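Naming: A, B, ... by sequence-line order, numbering from 1 per chain. On a predicted model such as this, the values are computed, not experimentally measured, just so you know.
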Protein chains: 2
Amino acid sequence: MKLTTKGRYAVTAMLDLALHYGEGPITLADIAQRQGISLSYLEQLFSRLRRQSLVASVRGPGGGYSLGKEAREIFIGEVISAVDENMDTTKCHGAHNCQNNERCLTHDLWSDLSNQIYTYLNNISLQDLMDRKAVREVADRQEHGDVDASLVDQLGTPAGV
Amino acid sequence: MKLTTKGRYAVTAMLDLALHYGEGPITLADIAQRQGISLSYLEQLFSRLRRQSLVASVRGPGGGYSLGKEAREIFIGEVISAVDENMDTTKCHGAHNCQNNERCLTHDLWSDLSNQIYTYLNNISLQDLMDRKAVREVADRQEHGDVDASLVDQLGTPAGV
DNA sequence: GAAATCTTGACTATTTTAGTTGGGAAAGTA
DNA sequence: TACTTTCCCAACTAAAATAGTCAAGATTTC
Ligand code: FES
Ligand code: FES
């Protein structure tokens, strides 16, 4: 299995969209700033998300992206798959042929593990995440705390501010 | 999370050791041939497994490796960790600091997923795998069927054999 | 028509993977 | 002792993947 920043960013960005539902289309620039993700990299990811109809786009000023269906109907596993990270942990990718064209000693172990992961991630929707207290707290911080909140926390409140 | 051939090979090799328990030390050359893994690559992996006391070694003719403790007491998660593949899926590796030194929007999701995987793999022992019918079947094939069994299966029984 | 936004494709530096190469050191066997 | 078998170790490497950047263009709004 592969789980890298690509998949993590995709889920984070989708969750950001979900959290700002009702504010009209959200620009990638907004998401990039709020979540600390490179804009051009986000563009690549949203290209894939759009092809899977997980998001809808509007061009021009005032444009941006919105969810392709309800937050309750978008599952984390879908999002990760959409950006091409596959959750399969077998070497043969399900073909039972990784040793001399036959099943290797550990195929079933990885296959079972993959099912575990698959089931887990496909039962959590964006809405489920939004309902979590910890997520709301971070979202609030991103709304108000702004860019350097963490630095302020670290260094104490500067005299001149 | 990272699960590549490194971790898969390590588990496969350990399972091979477990299956040949009682035959004295098993050489890496044997494992390499049976499981189709590069000998030098196995050496690297066993170096790490030995440092974690998951295997014990005997040098010289008649030497080889054996399990460091009972198959019932060696868990898959341990083996994977020993070869340095970490099962953590968070970006911050547990530090809650991946966005401006604070927790990102999705930290808990990855943290929970990591726990799932961790729990799953740490509750399966080598003995559990050995007890599986499918594993015994593959092990039998590796004992008798030998190197080109699969090719014979594919091409039909050659006339001259 | 200018600006904002999405859309696409090609390019790239860095890191990781999956090894290889080449040298040793210990132990048994003749 | 010489020889062979095995483990042990460190350095090197080709190929792939990652996490982007860069440049050009298409739509839409004002
Ligand atoms: S992982 Fe499927 S046959 Fe080896
Ligand atoms: S993954 Fe831990 S803070 Fe982002």
Does a nitrogen or oxygen in the side chain of [X] sit under 4.0 Å from OP1 or OP2 of [N]?
| X | N | answer |
| --- | --- | --- |
| B:T4 | C:dT16 | no |
| B:R48 | D:dC8 | no |
| A:S40 | D:dC22 | no |
| B:R8 | C:dT17 | no |
| B:T5 | C:dA18 | yes |
| B:T27 | D:dT6 | no |

Closest to side chain of [X], choosing from [options]:
| X | options | answer |
| --- | --- | --- |
| A:Y65 | D:dC7, C:dT7, D:dC22 | C:dT7 |
| B:Y9 | C:dG19, C:dT8, D:dT5 | C:dG19 |
| B:R59 | C:dG28, C:dC6, D:dC7 | D:dC7 |
| B:E43 | C:dA18, D:dT21, D:dC9 | D:dC9 |
| A:Y41 | D:dG20, D:dC9, C:dA18 | D:dG20 |
| A:K2 | D:dA17, C:dG19, D:dT21 | D:dA17 |
| A:L28 | D:dG20, C:dC6, D:dC9 | C:dC6 |

Check every strand shown and say whether [X] touches a base, only sugar-phosphate, or nothing at a heavy-atom separation below 4.0 Å.
| X | result |
| --- | --- |
| B:I37 | nothing |
| A:F46 | nothing |
| A:S38 | sugar-phosphate |

Any donor-acceptor pair under 3.5 Å linking the side chain of [X] with the backbone of [Y]?
| X | Y | answer |
| --- | --- | --- |
| A:Q127 | A:A71 | no |
| B:D140 | B:E137 | no |
| A:E85 | A:G7 | yes |

_Residue whose closest nucleotide on DNA chain C lies nearer the 5' end, A:Q44 versus A:V58_ = A:V58
Gap between atoms [atom1] and [atom2], on [X] and [N] respectively (whole Å):
| X | N | atom1 | atom2 | answer |
| --- | --- | --- | --- | --- |
| A:R50 | D:dA26 | CZ | P | 15 Å |
| A:L42 | C:dT5 | CG | P | 15 Å |
| B:D30 | D:dC7 | CG | C1' | 14 Å |
| A:L39 | D:dA19 | CG | P | 18 Å |
| A:D84 | D:dG20 | CG | P | 15 Å |

*Starting from the 5' end of DNA chain D, give me the residue, B:G60 or B:K91, whose nearest nucleotide shows up first.*
B:G60
*Mapping B:R51 and A:K6 to their closest nucleotides on DNA chain D, which lands nearer the 5' end?*
B:R51
*Using the six-membered ring wherever Trp is involved, compare the ring planes of A:Y9 and A:Y41 and label them parallel, tilted or perpendicular (cut-offs 30° and 60°).*
perpendicular
*Using a strict 4.0 Å threshold on nitrogen-to-oxygen distance, state whether A:R72 and A:D128 make a salt bridge.*
no
*Audit row: B:E73, B:S125, side chain to side chain donor-acceptor pair (under 3.5 Å) steps and yes/no*: CA-CA 6 Å; B:E73 293 172 336; B:S125 68; over 6 Å; no
